[in-house]
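Below is one structure, written out as structure tokens, with a few remarks after it.
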Amino acid sequence: MVFHEGAYIYREGEPAQHFYLIRHGRVALEVHVPGRAPLIVDSLRAGEPLGWSWLIPPYRTHFDARALELTRVISFDAECLRQKMEENPAFGYALHKRMAPVIAARLAAARRQIIDIYGRPDDRRTAWQ
Amino acid sequence: MAIAALEDRMQPRPFLVERLTQDASDTFTLVLRPQHGSQPFPFQPGQFNMLYLYGVGEVPISISGDPEDPEQLVHTIRALGTVTSAMQKLKKGSVVGVRGPFGTAWPVDEAAGADVVIIAGGLGLAPLRPAIYAILAKRRQYGRVVILYGARTPKDILFRQQLERWGGRMDTFVDVTVDRAPSDWRGNVGVVSSLIGRGGFEPEHTIAFVCGPEVMIRYAVHALSDRGVPNERIYLSMERNMKCGAGFCGHCQWGGHFVCREGPVFRFDAIADLFEVREL
Ligand SMILES: Cc1cc2nc3c(=O)[nH]c(=O)nc-3n(C[C@H](O)[C@H](O)[C@H](O)COP(=O)(O)OP(=O)(O)OC[C@H]3O[C@@H](n4cnc5c(N)ncnc54)[C@H](O)[C@@H]3O)c2cc1C
Ligand code: FES
């Protein structure tokens with residue numbers, strides 16, 4: 001599938017019907033807060049999986065995903081994948097084993113981002129922020 | 001140490017502000033030249049000066065200029081407190097006292113023949129810029145050169161035009177990321193350590209220079225180790241409060257080290273154990 005620059009691949013809160021792998025291009029994950037300008041909180045590149053909401057109930061997307069440039073993705077039907085994982089636990093486990101590190105790495109990165117390491121230090125001990 | 005040499009280290013030399021440019025709302029670059037004569041000011045990348053604002057106070061600030069251009073003394077400063085905020089108000093012709101250069105340097109010459117990975121966060125790019133100048137001036141002596149930079153938001157990116165220029169060179173890989181961005185930002189969003197995998201360097205033949213907030217240094221060092229860069233090939237620059245800057249007062253003590261004399265640039269294996277200690 002091809003998404004042109006600016007096109008939304010999915011929107012926050014939608015049922016996660018697909019699992020995407022980015023083959024080419026870049027994708028921004030955005031949060032829209034009413035009354036505030038949208039904020040990009042992560043960006044993904046070629047070779048990276050896009051989203052994991054399809055894997056974890058209630059299978060709803062958490063962010064808006066927008067192509068930052070012409071982006072090509074491989075798309076898998078989430079429903080079909082989930083069914084195969086149920087039927088074939090070895091396959092299901094293998095896929096979980098691949099996705100778990102991705103989810104863990106993104107969680108750790110998100111936590112680092114919110115500690116605002118470049119912000120003004122309280123104790124003024126450092127300035128190289 | 002002979003008294004004369006000691007006085008030399010403790011006595012600020014007067015310099016005049018040649019130029020003050022605003023890099024971001026609270027960050028500015030000061031270009032200084034000697035008040036008397038035109039003696040050049042040789043320094044090594046990574047070293048710092050004690051800058052003295054008469055009647056206000058003295059602060060350690062890294063040199064951010066080109067070591068090949070010792071006629072100009074350049075510092076990039078974040079207005080944080082009493083002294084640095086007063087410095088932001090300086091005008092062309094104002095006098096600043098300078099003691100230095102002090103401290104250890106990035107091992108730019110020793111890195112010849114290796115891939116070089118430079119990881120900077122926030123204002124940490126300032127102490128690394130002299131090393132980047134020196135490496136790019138002798139670009140052929142190095143393998144891959146990778147510059148990874150993280151900032152808070154796109155507005156906070158330091159030396160933006162220079163980063164773009166370096167990134168435009170065919171022989172240098174530059175990648176920039178921010179923690180969050182408005183929707184018109186076309187670049188990366190995420191932590192700087194997440195860029196490490198994209199550098200395409202050979203870990204065991206890499207020398208890495210890291211500077212930024214201490215937490216960022218920690219994550220970057222872990223990410224480099226995870227990739228296989230040996231501890232003895234990772235260098236980082238530490239920041240501690242200082243008074244004399246010259247190894248006399250002990251104000252900058254960190255574990256068993258005086259940061260002003262044995263640092264600010266340390267080889268990671270020499271301080272790895274201290275680095276994991278929580279409050280020092
Ligand atoms: C090796 C090294 C390199 C550095 N490089 C840079 C750099 O390139 N750019 C940069 O922006 N920062 C750099 N810093 C950090 C910089 O030195 C501090 O941000 C700076 O010292 C803050 O000083 P301030 O007076 O503005 O802030 P304050 O927090 O107000 O004061 C910090 C220090 O100033 C003195 N001081 C100021 N006011 C008072 C007072 N009222 N009473 C008593 N003491 C006072 C004290 O010594 C105090 O510890 C570096 C630090 C080190 C150690
Ligand atoms: S600042 Fe005085 S010994 Fe380091």
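Lettering of chains follows the sequences in order, A, B, ..., and the numbering in each one begins at 1.
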Under 4.5 Å, heavy atom to heavy atom: which of [range] reach chain B? Give them by number, or say none.
{"range": "residues 78-110 of chain A", "answer": "A:Ala109"}
{"range": "residues 18-33 of chain A", "answer": "A:Arg26, A:Glu30"}
{"range": "residues 34-44 of chain A", "answer": "A:Pro38, A:Leu39, A:Ile40, A:Val41, A:Asp42, A:Ser43"}

For B:Arg198, does the CZ atom sit with more than 12 other heavy atoms under 6.0 Å from it, leaving out its own atoms?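 Yes, CZ of B:Arg198 has more than 12 neighbouring heavy atoms, counting only those of other groups under 6.0 Å.
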Separation of A:Tyr118 OH from B:Asp179 CG (nearest 0.5 Å):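 If we round to the nearest 0.5 Å, B:Asp179:CG and A:Tyr118:OH are 5.5 Å apart.
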Does any backbone or side-chain atom of B:Ala126 lie under 4.5 Å from a heavy atom of chain A? Answer side chain, backbone, both or neither.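 Neither part.
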Ignoring hydrogens and angles, write down the donor-acceptor pairs under 3.5 Å from the side chains of residues 182-195 of chain B, residues two or more places apart or on other chains.
from: B:Trp185; atom 1: NE1; to: B:Gly187; atom 2: O; distance (Å): 3.3
from: B:Trp185; atom 1: NE1; to: B:Asn188; atom 2: O; distance (Å): 3.0
from: B:Arg186; atom 1: NE; to: A:Leu68; atom 2: O; distance (Å): 3.3
from: B:Arg186; atom 1: NH1; to: A:Glu5; atom 2: OE2; distance (Å): 3.4
from: B:Arg186; atom 1: NH2; to: A:Leu68; atom 2: O; distance (Å): 3.1
from: B:Asn188; atom 1: OD1; to: A:Arg45; atom 2: NE; distance (Å): 3.3
from: B:Asn188; atom 1: OD1; to: A:Arg45; atom 2: NH2; distance (Å): 2.9
from: B:Asn188; atom 1: ND2; to: B:Asp175; atom 2: OD1; distance (Å): 2.8
from: B:Asn188; atom 1: ND2; to: B:Val176; atom 2: O; distance (Å): 2.9
from: B:Ser194; atom 1: OG; to: B:Val191; atom 2: O; distance (Å): 2.5

